[in-house]
Amino acid sequence: MKLLENKTVIITGASRGIGKGIALVLASHGANIAFTYSKSVDSANDLIKEMSKFDVNCKAYQSDAASFEDSQKFVDQVIEDFGTIDVLINNAGITKDNLLMRMNEDDFDKVIEVNLKSVFNMVKATQRTFLKNRSGSIINISSIVGIKGNAGQSNYAASKAGIIGFSKSIALELGSRNIRSNVVAPGFIQTEMTDKLNQEVVNQWISGIPLKRGGTPTDVANLCLFLSSDLSSFITGQVINVDGGMLT
Ligand code: NAP
């Protein structure tokens with residue numbers, strides 16, 4: 001059974017990693033996909049080719065999630081191209097890890113802008129459509145680091161914790177209009193973001209996971225599929241971990 005037939009889904013940062021995994025799983029369930037990327041034009045085009053097998057509409061947009069203006073323009077264009085928006089998945093994110101002692105102001109500001117302000121930008125840009133439709137599902141990709149903190153990631157943890165507070169507030173503001181807002185908090189998921197870590201750090205993370213493996217983009221995507229679909233129509237304001245039990 002296809003869960004998202006005729007639904008239009010926006011995903012920020014889907015040229016690779018978790019965003020790409022979400023795009024593929026949702027498209028396999030019949031969703032039309034409008035996704036953004038920052039620089040990876042070739043990967044974005046490859047993903048469009050890969051999704052052609054699902055017989056859905058799919059379009060890539062180069063758009064900086066950190067920019068309020070870009071986000072408005074992007075959403076206006078999606079409405080023009082697809083007619084409406086049913087689901088917003090805020091996935092774009094970066095890391096600029098360092099101990100506080102060595103972290104400079106730009107490392108802090110940039111991570112907050114791309115990871116947290118982007119969520120504000122995109123929810124602002126899409127809320128009019130959701131209000132008009134009296135329906136919408138907003139899914140914000142945080143991290144277990146936003147729940148428990150992590151040495152060397154104070155900027156990243158702050159941005160991901162901020163997403164949780166923002167998302168719960170939006171759930172309270174927009175619930176009466178049937179607009180849901182939930183947070184997905186992945187644990188250790190193997191993508192280019194984690195490929196930057198050395199093997200010793202990777203082994204350490206994995207040994208602390210009860211299921212004894214790193215997650216895959218598909219693991220995260222399957223939860224996004226559920227939260228995008230009507231199967232989750234009574235679920236809002238929640239933070240759901242996809243972490244192999246790491247935070248248990
Ligand atoms: P990734 O492999 O580094 O991919 C990041 C994606 O975001 C790329 O598509 C990138 O586009 C896009 N992007 C970056 N900056 C952008 C901007 N300013 N505007 C628009 N798009 C932008 O990362 P990932 O591991 O898939 O992570 C995806 C999300 O999951 C992030 O929010 C991350 O914090 C979160 N997360 C990841 C893990 C993990 O273990 N991997 C764990 C917890 C949470 P380009 O390709 O053009 O650069």
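Whatever order the structure lists them in is the order used to number ligands and atoms, beginning at 1.
Taking both residues in full, the closest heavy atoms of Cys224 and Ile22 are given as SG-CD1, 3.8 Å, listed atom of the first, atom of the second, then distance. Of all heavy-atom pairs between Lys160 and Ile141, the closest is NZ-O, 3.0 Å. Summarising the geometry of Val123 relative to Phe166, their closest heavy-atom pair is CG2-CE2, 3.9 Å, with the distance given to 0.1 Å. Considering all non-hydrogen atoms of both residues, Ile89 and Ser228 come closest at CD1-OG, 4.1 Å.
Side-chain atoms of Asn121 and Ser118 form no donor-acceptor pair, as typed in the model, at a separation below 3.5 Å. Looking at Ser181 and Ser167, their side chains do bring a donor and an acceptor atom within 3.5 Å of each other. Side chain to side chain, Gln72 and Asp76 fail the donor-acceptor criterion of an N or O pair below 3.5 Å.
Of the heavy atoms in Ile94, only side-chain atoms (C-beta onward) come closer than 4.0 Å to ligand 1. Using a 4.0 Å cut-off between heavy atoms, Lys20 makes no contact with ligand 1 at all. Under 4.0 Å from ligand 1, not a single heavy atom of Pro217 appears. Proximity of Val114 to ligand 1, defined as any heavy-atom pair under 4.0 Å, is confined to the side chain (atoms from C-beta onward). The parts of Asp64 lying near ligand 1 are both backbone and side chain, judged by heavy-atom distances below 4.0 Å. Of the heavy atoms in Ala44, none comes closer than 4.0 Å to ligand 1.
Taking every non-hydrogen atom of Asn91 and a distance limit under 4.0 Å, the qualifying atoms of ligand 1 come out as 28 (C), 29 (C), 30 (O), 31 (C), 32 (O). Near Ala65, with a cut-off below 4.0 Å to any heavy atom, the atoms of ligand 1 are 17 (C), 18 (N), 19 (N), 20 (C). Near Gly93, meaning under 4.0 Å from any of its heavy atoms, are these atoms of ligand 1: 5 (C), 7 (O), 31 (C), 32 (O). Those atoms of ligand 1 that come under 4.0 Å of a heavy atom in Tyr37, given as number and element, are 21 (N), 47 (O). For ligand 1 and Tyr156, the ligand atoms under 4.0 Å from any heavy atom of the residue are 33 (C), 34 (O), 35 (C), 36 (N), 43 (C), 44 (C). The distance from ligand 1 to the heavy atoms of Ile141 drops below 4.0 Å at these ligand atoms: 30 (O), 35 (C). The atoms of ligand 1 that sit less than 4.0 Å from any heavy atom of Gly17 are 2 (O), 26 (O). Listed by number with element, the atoms of ligand 1 under 4.0 Å from a non-hydrogen atom of Thr194 are 39 (C), 40 (O), 41 (N).
Taken from OG in Ser71 to NZ in Lys124, the straight-line distance is 12.0 Å, to the nearest 0.5 Å. Atom CG in Asn140 sits 7.0 Å away from atom CG in Leu88 (nearest 0.5 Å). In this structure, the separation between CG on Asp97 and NZ on Lys196 is 7.5 Å, given to the nearest 0.5 Å.
Of the charged side-chain nitrogens involved, none lies within less than 4.0 Å of a carboxylate oxygen, so that Asp243 and Lys148 do not count as a salt-bridged pair.
Where the criterion is an N or O separation shorter than 3.5 Å, residue side chain and backbone included, Thr191 meets it with respect to ligand 1. By the 3.5 Å distance cut-off applied to N or O atoms, Ile189 is counted among the residues near ligand 1. Taking only nitrogen or oxygen atoms, main chain and side chain alike, Thr36 does not reach within less than 3.5 Å of ligand 1. Between Phe188 and ligand 1, not a single N/O pair is under 3.5 Å apart. An N or O contact shorter than 3.5 Å is missing between Asn115 and ligand 1 by distance.
Nearest protein heavy-atom contact of atom 8 (C) of ligand 1 is Ser15 OG, 3.6 Å. Given atom 43 (C) of ligand 1, the protein heavy atom at minimum distance is Pro186 O, 3.4 Å. For atom 2 (O) of ligand 1, the closest non-hydrogen atom on the protein side is Arg16 NH1, 3.4 Å. Of the protein's heavy atoms, Ile18 CD1, 3.5 Å lies nearest to atom 37 (C) of ligand 1. If you check which protein heavy atom lies closest to atom 47 (O) of ligand 1, you get Lys39 N, 2.5 Å. Gly187 O, 3.0 Å is the protein heavy atom nearest to atom 42 (C) of ligand 1. Ranking protein heavy atoms by distance to atom 21 (N) of ligand 1, first place goes to Ala92 CB, 3.6 Å. The closest protein non-hydrogen atom to atom 45 (P) of ligand 1 is Ser40 OG, 3.2 Å.
Taking the six-membered ring where the residue is Trp, Phe82 and Tyr61 present tilted rings, their angle falling between 30° and 60°.
Enclosure of atom NZ in Lys39 is not indicated, since only 12 or fewer non-hydrogen atoms of other residues, nucleotides or ligands lie within 6.0 angstrom. Within 6.0 Å of CG in Asp55 there are 12 or fewer heavy atoms belonging to other residues, nucleotides or ligands. Remark: Lys212 NZ is packed, more than 12 non-hydrogen atoms of other residues, nucleotides or ligands lying under 6.0 Å away. Other residues, nucleotides and ligands place no more than 12 heavy atoms under 6.0 Å from the CG atom of Asn6. Counted within 6.0 Å of CD on Glu69, heavy atoms from surrounding residues, nucleotides or ligands total 12 or fewer; the atom is thus considered open.
Close to ligand 1: Ala14, with a non-hydrogen atom less than 4.0 angstrom away. Residue Lys160 places a heavy atom less than 4.0 Å from ligand 1. Ligand 1 has Ser142 within reach: a non-hydrogen atom of the residue lies less than 4.0 Å from it.
Here the rule is side chain to side chain contact (heavy atoms under 4.5 Å, CB included) with Asn57, and of Thr8, Asp81, Asn32 only Asn32 fits it.
Between the choices Ser143, Ser63, Gly13, the shortest heavy-atom distance to atom 20 (C) of ligand 1 belongs to Ser63. Between the choices Gly146, Ser71, Ser38, Ala60, the shortest heavy-atom distance to atom 13 (N) of ligand 1 belongs to Ser38.
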